[in-house]
There are 2 protein chains.
Amino acid sequence: MSELVYYDLKRAATMTPSMPIQVARELGRRIVAGTIEEGTLIDDEASLTERYQVSRVVIRDAVKILVGKGLLDVRRGIGTRVKPRSQWVLWDDDVLAWHVNAPPNQDYINQLMDIRLAFEPKASRWAAERATPEALAEIEAAVVGMELEQGSVEKFIIADALFHRAVLRAARNDYLTAMEGVIYSALLISVQLTNQDPRKNSSSVSFHRDVYQAIADKDGELAEKLTKKLLKDAIRRLHEAFANRES
Amino acid sequence: MSELVYYDLKRAATMTPSMPIQVARELGRRIVAGTIEEGTLIDDEASLTERYQVSRVVIRDAVKILVGKGLLDVRRGIGTRVKPRSQWVLWDDDVLAWHVNAPPNQDYINQLMDIRLAFEPKASRWAAERATPEALAEIEAAVVGMELEQGSVEKFIIADALFHRAVLRAARNDYLTAMEGVIYSALLISVQLTNQDPRKNSSSVSFHRDVYQAIADKDGELAEKLTKKLLKDAIRRLHEAFANRES
DNA sequence: ATGTTTATATATGTATTACATAAATAATTA
DNA sequence: TAATTATTTATGTAATACATATATAAACAT
């Protein structure tokens with residue numbers, strides 16, 4: 001489980017990604033994980049051609065993908081350098097996905113959860129105000145999916161992610177919709193960090209149903225409040241896990 | 001004024017962008033503006049090579065940039081198709097910049113402002129709670145910049161943008177910091193839509209100073225509230241402008 | 001000895017040609 | 001008529017050559 005689940009959720013799991021994409025992922029993962037440090041010059045095109053046994057065209061394509069995500073900076077005569085993290089396109093789906101495989105970082109997950117706390121309660125409110133019947137049905141389907149549990153931890157997390165995605169979509173704002181990656185990344189990293197079976201939080205599923213009910217009842221105020229509560233509970237459990245980790 | 005100011009703010013204004021970037025911008029602008037419609041097949045590589053008088057390598061690089069932003073979908077044997085807007089990487093800086101030059105769209109600016117309303121008040125609160133002295137100084141400098149007005153509308157807008165950016169940075173969350181583009185895009189489009197001199201809103205500048213003061217006083221509650229008020233006022237003025245537009 | 005200019009090495013940028021491969025369409029055959 | 005097989009179209013990859021920006025080293029003049 002991990003990055004692969006992320007790509008599943010994004011339906012971006014092509015059977016055989018093109019060669020430049022494969023190389024870009026390989027390099028991207030290493031950069032995000034910190035294996036290749038910021039400011040470092042990576043191998044030149046000739047060496048990479050050798051290492052990955054592909055033509056220069058493929059290498060250059062791969063590098064260009066990472067330049068687009070702000071991970072690399074290419075300058076002729078000099079080479080290709082890893083950009084400082086502050087300049088990465090953090091909202092990018094691949095960058096978010098690669099973080100799932102990176103070494104656990106408490107500060108990072110805190111930032112993700114803060115962002116969720118900023119957006120999702122508002123999204124719930126807007127969903128209550130303007131969700132279409134289809135969007136409502138999608139949210140409820142996700143709740144049902146969580147309730148069934150479906151046997152595996154992985155499937156439970158996917159159902160959880162689908163719930164939050166459905167709420168974002170119901171809010172009918174393209175920028176919110178485009179934020180689903182933050183949720184996937186946060187959920188997947190949380191599970192790894194706490195190292196707990198999320199299904200054991202007995203209250204969690206009913207919390208989700210309550211949010212759905214508030215949205216279905218078009219009670220924006222309540223939907224916002226409950227979503228905030230739901231997220232703060234998740235954050236609390238994360239902090240508890242950190243505390244245990246230390247000891 | 002327009003897209004160029006956006007790039008100024010992002011400090012991305014290279015004197016001479018590489019040829020692939022030039023071609024990508026040309027195509028990107030047209031797609032975002034809707035000149036090239038969704039689902040359309042764009043010209044094939046040979047034709048584009050002809051039109052722009054560059055090699056196939058350059059065309060392919062340009063196309064690949066737009067693929068990275070979700071604007072194009074390339075499939076061999078078929079050609080290159082404009083993806084539906086729902087799949088664009090709306091958070092991308094270039095995509096946001098190109099929207100500034102696109103035909104005015106009320107629904108779009110509403111979405112941008114809703115997003116600002118979701119995260120900026122929270123950002124102000126966090127800024128009040130954790131801003132460093134340097135970050136505080138940056139915010140105040142921006143307020144002073146607005147107060148001086150500096151003669152031109154353009155410079156005033158830039159000062160305004162710098163204020164909101166400084167607040168985001170002060171909140172010390174990398175994902176917030178990476179959202180500055182939304183603010184630039186929203187400000188630039190707003191000015192075009194209302195077609196008013198923003199300096200004429202006499203209350204606006206003092207509102208900004210009030211927000212700064214709350215942050216400096218570490219009063220998160222107040223900072224959040226004032227920012228919400230400031231944004232709602234901006235939204236109200238936008239709606240008034242729309243009303244006048246109709247008549 | 002120091003500062004400036006000039007050559008050279010290095011690495012990416014662009015152009016060109018050739019061929020591979022996926023997808024759609026047309027032609028052929030059972 | 002349906003299934004199969006060419007053929008066409010357009011992108012994917014490879015290889016080579018040369019252009020150009022940058023840094024480093026060498027030569028030179030003061």
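In the text below, chain A, chain B and the rest are named by the order of the sequence lines, each starting its count at 1.
Judged purely by atom type and a 3.5 angstrom limit, B:Ser47 has no side-chain atom pairing as donor or acceptor with the backbone of B:Asp43. A side-chain donor-acceptor contact under 3.5 Å links B:Asn173 to the backbone of A:Gln111. Judged by distance alone, the side chain of A:Arg130 and the main-chain N or O of A:Ala171 form a donor-acceptor pair under 3.5 Å. Counting only distance, with no hydrogens or angles, the side chain of B:Ser185 and the backbone of B:Gly181 share no donor-acceptor pair below 3.5 Å. Under the 3.5 Å distance criterion, the side-chain polar atoms of A:Thr40 are left unmatched by any main-chain donor or acceptor of A:Ile42.
Listed by chain and residue number, nothing satisfies the salt bridge (Lys or Arg N to Asp or Glu O under 4.0 Å) test with B:Arg75 (two or more places apart in sequence, or in another chain). Listed by chain and number, the residues in a salt bridge (Lys or Arg N to Asp or Glu O under 4.0 Å) with B:Arg81 amount to none (sequence neighbours excluded). Listed by chain and residue number, A:His208 satisfy the ring-ring contact (aromatic ring centres under 6.0 Å, His included) test with A:His164 (two or more places apart in sequence, or in another chain).
Applying the salt bridge (charged side-chain N to carboxylate O under 4.0 Å, His left out) test to residues at least two apart or on different chains, none of the pairs has a partner in residues 98-111 of chain A. Legend: ring-ring contact (aromatic ring centres under 6.0 Å, His included) pairs involving residues 63-92 of chain B, not counting sequence neighbours, sorted by first then second residue: A:Trp91-B:Trp91, A:Tyr175-B:Trp91. Listed by first and then second residue, the salt bridge (charged side-chain N to carboxylate O under 4.0 Å, His left out) pairs that reach into residues 28-39 of chain B are B:Glu3-B:Arg29, B:Glu26-B:Arg30, sequence neighbours excluded.
Shown for residues 36-53 of chain A: residues whose heavy atoms fall under 4.0 angstrom of DNA chain C, namely A:Asp44, A:Glu45. Of the residues in residues 76-85 of chain A, A:Arg76, A:Gly77, A:Ile78, A:Gly79, A:Thr80 come within less than 4.0 Å of DNA chain C through at least one heavy atom, sorted by number. Residues from residues 67-75 of chain B that place a heavy atom under 4.0 Å from any atom of DNA chain D, listed by number: B:Val74, B:Arg75. Near DNA chain D, defined here as any heavy-atom distance below 4.0 Å, the residues from residues 56-65 of chain A are A:Arg56, A:Val57, A:Val58, listed numerically.
The two residues B:Thr177 and B:Leu168 come nearest to each other via the heavy atoms OG1-O, 4.2 Å. The minimum heavy-atom distance linking A:Ser124 with A:Ile215 is given by the pair O-CG1, 3.9 Å.
Phosphate contact (OP1/OP2 of C:dT14, side-chain N/O of B:Ser55, threshold under 4.0 Å): absent.
Seen from the ring of B:Tyr184, B:Arg165 does not count as a face-on cation partner, given the 6.0 Å and 45° thresholds.
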Please tabulate, one pair per line, all N/O donor-acceptor pairs under 3.5 Å involving side-chain atoms of residues 60-74 of chain B, not counting sequence neighbours.
from    : atom 1 : to      : atom 2 : distance (Å)
B:Arg60 : NH1    : B:Glu45 : OE2    : 2.8
B:Asp61 : OD1    : A:Lys64 : NZ     : 3.0
B:Asp61 : OD2    : A:Lys64 : NZ     : 2.9
B:Lys64 : NZ     : A:Asp61 : OD1    : 3.0
B:Lys64 : NZ     : A:Asp61 : OD2    : 2.9
B:Lys69 : NZ     : B:Asp92 : OD1    : 3.0
B:Lys69 : NZ     : B:Asp92 : OD2    : 3.1
B:Lys69 : NZ     : B:Asp94 : OD2    : 3.0

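Reading DNA chain D from its 5' end, the first and the last nucleotide to sit under 4.0 Å from a heavy atom of chain B are D:dT9 to D:dT13.
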